[in-house]
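I have placed the structure first, in the form of structure tokens, so that the comments after it can refer back to it.
Numbering of ligands and ligand atoms starts at 1, following listing order.
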Amino acid sequence: MSAILPPPQRVWWKQPLDRVELLWIVIALIWCLIMFFMMPFWHIYGKQNLANEAYRANPGDYMKKAEDMIAKYKVREVGPDNLKVPVVHPPAGADVYMVARLWSWYPQLELEAGKSYRIHLMSMDWLHGFSLQPENINIQVHPGYEHVLTVTPTNPGTYAIICNEYCGINHHTMSSRLYVVK
Ligand code: CUA
């Protein structure tokens, strides 16, 4: 019998199952179950996946929270005169708001190593991607959704944030910095 010709007995599913066939079905099923339960297991014990939350939220309200936070915790500004970006240094444990929009991240964050923060992300226009380099953190940032990730930076240094979802003509310029200080 070949796969091209029709089987000699048309009602093939009524034929008895071969032992080898059954064995392979059992092996495949067991492997499927192992792979399936590996997903939640590795999420908890592998310490590789981000445990983040997302909520539907109003962009106007979100922008207001970001502006309030910037007014409270701004420590300096960076960038050329016409493109100044505020840098905020929030206290440990604070809710930190970052806005993604065509084609910038606003504001820049300065965090302390060993302290935990809740970083909120939202897009004001369309889909952007939050990619923290060289760490392996990747988050899609959608308009109308507030993403919250709890992070505890461990190594001081200057990190790069780049947009990794194509968002138009200046997508390649949509980058920022994240500072981790002692
Ligand atoms: Cu924002 Cu690409």
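- Only protein N, O or S atoms were considered, and those under 2.8 Å from atom 1 (Cu) of ligand 1 are His128 ND1, Cys163 SG, Cys167 SG, Met174 SD.
- Pairs of residues two or more places apart, or lying in two chains, that qualify as side chain to side chain donor-acceptor pair (under 3.5 Å) and include a residue from residues 91-107 are Glu67-Tyr106, Asp95-Arg118, Asp95-His120.
- Within 6.0 Å of the NZ atom in Lys84, the count of heavy atoms belonging to other residues, nucleotides or ligands exceeds 12.
- A search for side chain to side chain donor-acceptor pair (under 3.5 Å) contacts involving Tyr73 returns nothing, not counting sequence neighbours.
- In the displayed structure, Lys65 atom NZ is contacted under 6.0 Å by more than 12 heavy atoms of other residues, nucleotides or ligands.
- Listed by first then second residue, pairs satisfying ring pair (Phe, Tyr, Trp, His ring centres under 6.0 Å) with a partner in residues 159-182 read Tyr166-His171, not counting sequence neighbours.
- Here CG of Leu121 is found 9.0 Å from CG of Asn52. Values are rounded to the nearest 0.5 Å.
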